[in-house]
Asks: 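Supplied in structure tokens, the structure appears directly below.
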Protein chains: 2
Amino acid sequence: MTTPRPMRADARRNYERIVATAREVFVEQGPEAPLDDIARRAEVGAGTLYRHFPAREDLVAAVYSAAIQHNSNLAYQLLDEHDPWDALVLWMREQVHFGVQKRGLAATLKAAMDKDSATFAQCKSTLNEAAAAVLKAAQDAGVVRDDVKPRDLLLLGHGVAVATEATPEDSERLLTITLDGLKPQR
Amino acid sequence: MTTPRPMRADARRNYERIVATAREVFVEQGPEAPLDDIARRAEVGAGTLYRHFPAREDLVAAVYSAAIQHNSNLAYQLLDEHDPWDALVLWMREQVHFGVQKRGLAATLKAAMDKDSATFAQCKSTLNEAAAAVLKAAQDAGVVRDDVKPRDLLLLGHGVAVATEATPEDSERLLTITLDGLKPQR
DNA sequence: ACCTGAACACCGTTCAAGT
DNA sequence: ACCTGAACACCGTTCAAGT
């Protein structure tokens with residue numbers, strides 16, 4: 001569905017160049033970097049960038065969707081290798097680290113997800129399923145309260161990431177507090 | 001210190017007009033509203049706006065500092081009227097509501113606070129003291145764990161607000177989870 | 001079918017001229 | 001001392017012309 005239909009060779013080449021360049025520029029300047037810079041450094045016209053990525057979110061999605069897929073897959077791997085609570089902790093920590101890694105990344109991704117662009121639909125459902133899997137295991141084991149929803153894990157992770165992106169040294173402490181809040185309360 | 005030194009009558013008039021207009025425009029368009037719009041509607045030149053408010057944050061501060069002061073004072077009032085845990089819950093809820101009320105407000109205020117502009121220094125310390133008071137009462141009563149810091153309350157409240165500003169119906173549930181995380185763990 | 005890059009619109013910021 | 005508003009820079013977005 002999001003699988004791109006065949007492109008002409010030059011179009012595909014440009015598409016790849018733009019994504020590769022955007023990946024670099026986002027690292028250097030954050031996800032608010034001028035699209036013009038990206039087009040220039042990718043040596044394409046501004047119009048070409050817009051043709052492939054009508055909205056900034058589409059470009060952000062193209063750059064980060066692989067990482068999000070990876071984050072999602074990690075959930076199942078962690079569930080294999082650890083008990084449900086540890087899997088939850090490790091997965092949430094990964095979510096927070098990912099959100100914190102580049103200033104503004106978390107906010108940009110969240111905005112993109114909330115808008116549910118077609119490009120992100122895939123990522124979004126994969127990520128939701130991963131959260132659901134991690135959560136279900138923990139709930140079945142009785143280590144997380146039953147009224148928590150998969151979406152809550154993502155929102156809480158996002159919240160911690162955004163709140164601490166200026167001071168990453170606070171991430172872990174806030175995450176611990178948040179995770180404790182997920183435990184069944186007396 | 002942040003108390004403004006005397007201004008010429010026309011300067012003061014313009015200052016007030018700008019703040020009043022900004023308040024309206026922020027409500028209508030959010031805190032990213034074009035400064036130009038604000039200047040035009042306030043019927044001042046763009047340069048006048050910049051003279052009074054060199055950075056957008058300064059204008060944001062002027063508009064919202066009274067509300068932040070109010071939020072801070074509320075802490076002491078709540079401590080008078082409720083037991084420490086309830087005061088904490090009610091105060092945190094107020095923080096979240098305030099952050100959620102206008103899209104982008106929480107992020108803008110946080111950015112301003114992190115940058116610690118002179119204009120915000122006052123607000124920031126007042127708010128920190130309020131958080132410390134609420135927290136200390138709760139810790140003394142043994143209903144909140146000892147390793148929590150005042151700053152954590154603000155960060156957690158901010159996180160919940162940002163995470164749920166697109167879906168305010170999630171605010172309360174996330175806040176409950178977060179507050180439970182603050183309780184002393186077994 | 002796709003690309004280019006000039007053109008346009010918009011907005012933040014500065015500054016020379018005015019009071 | 002303060003204000004004005006034109007001017008400049010920057011960036012997102014579109015579109016006519018080209019291949």
Side-chain angles (χ1 to χ4, degrees), chain A residues 3-22 24-63 103-104 107-108 111-112 115 117-119, chain B residues 3-22 24-63 103-104 107-108 111-112 115 117-119:
Chain A
T3 315
R5 59 181 175 71
M7 274 189 246
R8 231 169 59 176
D10 56 343
R12 167 154 295 279
R13 204 158 37 235
N14 280 332
Y15 180 98
E16 305 291 358
R17 286 185 64 86
I18 293 169
V19 174
T21 306
E24 291 172 19
V25 175
F26 285 165
V27 168
E28 293 168 22
Q29 312 191 27
E32 312 278 85
L35 296 179
D36 216 34
D37 280 11
I38 296 171
R40 203 177 311 110
R41 277 175 56 165
E43 296 177 315
V44 300
T48 302
L49 194 154
Y50 276 88
R51 162 174 284 267
H52 288 302
F53 307 100
R56 177 183 291 272
E57 270 83 25
D58 298 319
L59 184 52
V60 172
V63 170
R103 203 67 58 86
T108 303
K115 266 218 250 169
S117 60
T119 331
Chain B
T3 314
R5 57 183 176 71
M7 272 189 250
R8 230 169 57 178
D10 57 344
R12 168 155 294 280
R13 203 157 37 234
N14 280 332
Y15 180 97
E16 305 292 359
R17 287 186 63 86
I18 292 168
V19 174
T21 307
E24 292 173 16
V25 174
F26 286 164
V27 168
E28 291 168 22
Q29 312 191 29
E32 312 279 83
L35 297 179
D36 216 35
D37 281 13
I38 296 170
R40 204 176 313 111
R41 277 175 55 165
E43 295 176 315
V44 301
T48 303
L49 193 154
Y50 276 87
R51 162 175 283 267
H52 289 301
F53 308 100
R56 176 184 292 273
E57 271 81 27
D58 299 318
L59 184 52
V60 173
V63 170
R103 202 68 57 84
T108 302
K115 267 216 251 170
S117 60
T119 330

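Computed over heavy atoms, backbone and side chain alike; hydrogens, waters and symmetry mates excluded. For clarity, every value in this text was computed on a predicted model and none was experimentally measured. Proteins get letters first, then strands, A, B, ... in listed order; numbering begins at 1 in each.
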Asks: I need the minimum non-hydrogen distance between B/R41 and B/R17, along with the two atoms involved.
Replies: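 So the minimum-distance heavy-atom pair works out to O-NH2, 4.1 Å.
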Asks: Counting only side-chain N and O atoms of A/R8, is one of them less than 4.0 Å from OP1 or OP2 of C/dC2?
Replies: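 The answer is no; no side-chain N or O of A/R8 sits under 4.0 Å from OP1 or OP2.
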Asks: If every non-hydrogen atom of B/V63 is compared with every non-hydrogen atom of B/V19, which pair is closest and at what distance?
Replies: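 Looks like CG2-O, 3.9 Å.
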Asks: Which sits closer to the 5' end of DNA chain C, B/A55 or A/G45, going by the nucleotide each is nearest to?
Replies: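 Closest to the 5' end, via its nearest nucleotide, is A/G45.
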Asks: Of the listed nucleotides (C/dC3, D/dT13, D/dC2), which one gets closest to any side-chain atom of A/D10?
Replies: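 Within the option list, the nearest is C/dC3.
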Asks: Could you state the CG-C1' distance from B/L49 to D/dG5, rounded to the nearest angstrom?
Replies: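 Rounding to the nearest Å, CG of B/L49 and C1' of D/dG5 are 14 Å apart.
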Asks: C/dC11, C/dC2, D/dC3: which one has an atom nearest the side-chain heavy atoms of B/P34?
Replies: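 Of the candidates, C/dC11 comes closest.
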Asks: Within the side chain of B/N14, is there an N or O that forms a donor-acceptor pair under 3.5 Å with the backbone of B/A11?
Replies: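 Checked: no pair found.
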Asks: Between C1' on D/dT13 and CZ on A/R56, what's the gap in Å once rounded to a whole number?
Replies: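 In whole Å, D/dT13 C1' lies 12 Å from A/R56 CZ.
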Asks: Output the single nucleotide from C/dC3, D/dT4, D/dG12 whose closest atom is nearest the side chain of B/V44.
Replies: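 The answer is D/dT4, which lies nearest to the side chain.
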Asks: Does the B/R56 side chain pair with the main chain of B/P31, one donor and one acceptor, at a distance under 3.5 Å?
Replies: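 Side chain of B/R56 to backbone of B/P31: a pair is present.
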Asks: What is the distance, to the nearest angstrom, from the OH atom on A/Y15 to the P atom on C/dC3?
Replies: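 It works out to 13 Å between those atoms.
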Asks: Provide, to the nearest angstrom, the distance between the CG atom belonging to A/D36 and the C1' atom belonging to C/dC10.
Replies: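 Atom CG in A/D36 sits about 15 Å away from atom C1' in C/dC10.
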Asks: For D/dA7, what is the paired nucleotide under Watson-Crick or G-U wobble rules, both distances under 3.5 Å?
Replies: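 Looking at the geometry, D/dA7 pairs with C/dT13.
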Asks: Report the nucleotide, chosen from C/dG12, D/dC3, D/dC11, that has the shortest atom-to-atom distance to any side-chain atom of B/T48.
Replies: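 In terms of side-chain proximity for B/T48, the closest of C/dG12, D/dC3, D/dC11 is D/dC3.
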Asks: Rounded off to whole Å, could you give me the CZ-to-C1' distance for the B/R51 and D/dG5 pair?
Replies: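 Atom-to-atom, B/R51 to D/dG5, this comes out as 15 Å.
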Asks: If the threshold is 4.0 Å, N to carboxylate O, is there a salt bridge linking B/D37 and B/R40?
Replies: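 Result for this pair is yes, salt bridge flagged.
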Asks: Of the nucleotides D/dT14, D/dA6, D/dC3, which has the atom closest to the B/A46 side chain?
Replies: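 Closest nucleotide to the B/A46 side chain: D/dA6.
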Asks: Where do A/I18 and A/F53 come nearest, in terms of heavy atoms and distance?
Replies: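 Taking every non-hydrogen atom into account, CG2-CE1, 3.6 Å.
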Asks: Between C/dG12 atom C1' and B/E57 atom CD, what is the distance in whole Å?
Replies: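 The answer, rounded to whole Å, is 13 Å.
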Asks: Specify the separation, in whole Å, of atom CZ of A/R17 and atom P of C/dC3.
Replies: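 Rounded to the whole Å, the gap is 12 Å.
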Asks: Considering just the side-chain nitrogens and oxygens of A/H52, establish if one lies under 4.0 Å of OP1 or OP2 belonging to C/dC3.
Replies: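 Yes.
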Asks: Calculate the interatomic distance between A/R40 atom CZ and D/dC10 atom C1'; express it in whole Å.
Replies: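 Whole-Å distance recorded here is 10 Å.
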Asks: So what does B/D37 hit on the nucleic acid, given a heavy-atom distance under 4.0 Å: a base, only sugar-phosphate, or nothing?
Replies: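 It contacts nothing in the nucleic acid.
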Asks: Considering only side-chain heavy atoms of B/L35, which listed nucleotide, D/dC3, C/dG12, D/dG12, is closest?
Replies: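 It is C/dG12.
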Asks: Which base sits across from C/dA1 as a Watson-Crick or G-U pair, both distances under 3.5 Å?
Replies: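 Pairing partner, where one exists within any strand: D/dT19.
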Asks: Report yes if at least one side-chain N or O of B/N14 is closer than 4.0 Å to OP1 or OP2 of D/dC2; otherwise report no.
Replies: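 Answer no for this pair, as no side-chain N or O of B/N14 is under 4.0 Å from OP1 or OP2.
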